[in-house]
Amino acid sequence: MATHIARPLMHQRWSHITFVHWRYPAAEIQALLPPGLTAERHDGSAWVALTPFLMEDVRPPGLPAIPWLSRFPETNVRTYVRDEQGRSGLWFLSLDASRLPAVAAARAGFRLPYYWSRMSVHVATDRIAYRSRRHPPGQAGVRADVDIEIGAPLAGPEELTDFLVERYRLFTVVAGRLATAEVEHPPWRLRRARILRLNQGLFQAGGLTAPTGEPLAHTSTGVPVRIGRWRWCPA
């Protein structure tokens, strides 16, 4: 877990999240990263994840959540990196959300590659269905439809799974400089997931080749999250 964040910038909860991971050549990922970041490998490969979920209770410190604005679906395409100080974290190739104010604020304030999309998350006893399609003008129609079956809980820690999901740092580029923010949340309580349906174009829209092979999939009911303030990385 990250160091306790005394003064978080935002509170939120990531609910009903699914992690769908594929191996990628490290050189392909490196070509998409800014200076100062290196694609992190496990078992000789870089990894990229499609992570659909429900964002809830989004609010600044000291303020109540606003029902319509504070609860919405989101789908991220993320990869795993290390900076020049040796700190591991996340780099987002894209983030799709269904609330336009959240998209506009994240793009303007943090230069995160958010897109406005029509989205839904439907949760049943043993299944979750995620739907996402981008609005115009940019990349209109790019979609990510994922149906999963919820499986058994993980029996214990797994080295690869921990490498992929236990990440407590974000990176971005603000005003031409690499910046980072810490993320605080409890360790994930994961279950295995089986992909029933997958129709996505987010990887290709983000500059990747289409994923191939059987993905590694997990799901969780979610965790409460505290996001720290952005800080410049040392030059």
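Just so it is clear, the values below take in all heavy atoms, side chains as well, and ignore hydrogens, waters and symmetry mates.
Heavy atoms of other residues, nucleotides or ligands lying less than 6.0 angstrom from CD1 of I66 number 12 at most. In R71, the CZ atom is not crowded: 12 or fewer heavy atoms of neighbouring residues, nucleotides or ligands sit closer than 6.0 Å. Within 6.0 Å of atom CD in E159, 12 or fewer heavy atoms from other residues, nucleotides or ligands are found, so the atom counts as exposed in its surroundings. Within 6.0 Å of CZ in R7 there are 12 or fewer heavy atoms belonging to other residues, nucleotides or ligands.
Residues R59 and S70 bring no donor and acceptor atom of their side chains to less than 3.5 Å of each other.
Legend: residues meeting salt bridge (charged side-chain N to carboxylate O under 4.0 Å, His left out) with D147, ordered by chain and number and at least two apart, are R131. Among residues two or more places apart in sequence or in another chain, the salt bridge (charged side-chain N to carboxylate O under 4.0 Å, His left out) test is passed with R99 by none. Among residues two or more places apart in sequence or in another chain, the side chain to side chain donor-acceptor pair (under 3.5 Å) test is passed with R192 by E158. In this view, D162 satisfies the salt bridge (charged side-chain N to carboxylate O under 4.0 Å, His left out) rule with no residue, not counting sequence neighbours.
Note that the CG atom of L202 and the CG atom of N76 stand 9.5 Å from one another [nearest 0.5 Å]. From L90, atom CG reaches atom OG1 of T180 across 9.5 Å, with rounding to the nearest 0.5 Å. Of the inter-residue distances, the one linking I148 atom CD1 with L196 atom CG reads 8.0 Å to the nearest 0.5 angstrom. One finds the NE2 atom of H218 at 5.0 Å from the CG atom of L154 (value rounded to the nearest 0.5 Å). A distance of 11.5 Å separates CD1 of I128 from CD of E149, quoted to the nearest 0.5 Å. Separating the OH atom in Y168 from the CD atom in E166 is a distance of 3.5 Å, to the nearest 0.5 Å.
Centroid-to-centroid, the aromatic rings of W47 and F163 stay 6.0 Å apart or farther. For Y80 and H21, the ring centers sit closer than 6.0 Å to each other. A ring-centre distance under 6.0 Å is not found for Y115 and H135.
L208 places a side-chain heavy atom less than 4.5 Å from the side chain of I29. Using a 4.5 Å heavy-atom cutoff, the side chains of L95 and P113 are in contact. The shortest distance between side-chain heavy atoms of P73 and P52 does not fall below 4.5 Å. Proximity of T212 to W22: side-chain heavy atoms (C-beta onward) are nowhere separated by under 4.5 Å.
Put simply, the side chain of T75 never gets that close to the backbone of T51: no donor and acceptor are under 3.5 Å apart. Side chain of E28 to main chain of T209: a donor-acceptor pair is present (N/O by atom type, distance under 3.5 Å, no hydrogens or angles). In terms of modelled atom types and a separation under 3.5 Å, the side chain of S98 and the main chain of R118 share no donor-acceptor contact. Between the side chain of Q85 and the backbone N or O of R87, no donor-acceptor pair lies under 3.5 Å.
Of all heavy-atom pairs between C233 and A179, the closest is SG-C, 3.9 Å. Nearest heavy-atom pair, D96 versus S117, reported as atom, atom and distance to 0.1 Å: OD2-OG, 2.6 Å. Nearest approach of Q200 to P211, heavy atoms of both residues: NE2-CD, 3.5 Å. Residue A205 comes nearest to V142 through the heavy atom pair CB-CG1, 4.1 Å, listed as atom of the first residue, atom of the second, then distance. The two residues P61 and L9 come nearest to each other via the heavy atoms CD-O, 3.3 Å. Taking all atoms of both residues into account, the shortest heavy-atom contact from Y114 to A106 is CD1-CB, 3.2 Å.
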With side chain to side chain contact (heavy atoms under 4.5 Å, CB included) as the criterion, how do R134 and S94 come out once you've worked through the C-alpha distance, each side chain's angles and the decisive distance to 0.1 Å? CA-CA 12 Å; R134 286 182 181 167; S94 68; 3.5 Å; yes
Walk me through it: do F92 and T172 pass the test side chain to side chain contact (heavy atoms under 4.5 Å, CB included)? CA-CA 8 Å; F92 291 103; T172 189; over 6 Å; no
Walk me through whether E74 and W14 qualify under side chain to side chain contact (heavy atoms under 4.5 Å, CB included). CA-CA 9 Å; E74 182 164 321; W14 300 340; over 6 Å; no
Kindly indicate, with the supporting measurements, whether the criterion side chain to side chain contact (heavy atoms under 4.5 Å, CB included) is fulfilled by I5 and V183. CA-CA 8 Å; I5 299 172; V183 181; 5.6 Å; no
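There is no path of hydrophobic side-chain contacts, each under 4.5 Å, that joins F171 to I227. Hydrophobic clustering (side-chain heavy atoms under 4.5 Å, transitive across Ile, Leu, Val, Met, Phe, Trp, Tyr) groups V123 together with V20. Under the 4.5 Å side-chain heavy-atom criterion for Ile, Leu, Val, Met, Phe, Trp and Tyr, F53 and M119 are members of distinct hydrophobic clusters. Put simply, L178 and L112 are part of two different groups of oily side chains (I, L, V, M, F, W, Y) that touch within less than 4.5 Å, one to the next. F72 and Y130 fall into different hydrophobic clusters, defined by Ile, Leu, Val, Met, Phe, Trp and Tyr side-chain heavy atoms under 4.5 Å apart, directly or through other members.
Between W188 and F19, the ring planes are perpendicular. Angles over 60° get that label, and only those under 30° would be called parallel.
V225 pairs with exactly one of H11, M10, H185, M55 by the side-chain contact (heavy atoms from CB on, under 4.5 Å) rule, that one being H185. When each of V173, V77, V48 is paired with W91, the side-chain contact (heavy atoms from CB on, under 4.5 Å) condition holds for V173 and for no other.
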List, one per line, each side-chain donor-acceptor pair under 3.5 Å for residues 31-40, sequence neighbours excluded.
unit_1	atom_1	unit_2	atom_2	d
E40	OE1	S88	OG	3.2
E40	OE1	R167	NH1	2.7
E40	OE1	R167	NH2	3.2
E40	OE2	R82	NE	3.2
E40	OE2	R82	NH2	2.3
E40	OE2	S88	OG	2.8

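For residues 221-234, the set of pairs meeting the side-chain hydrogen bond (donor to acceptor under 3.5 Å, both in side chains) definition, not counting sequence neighbours, comprises E184-R226.
D43 has a carboxylate O that lies under 4.0 Å from a charged side-chain N of R23, or vice versa, which qualifies the two as a salt bridge.
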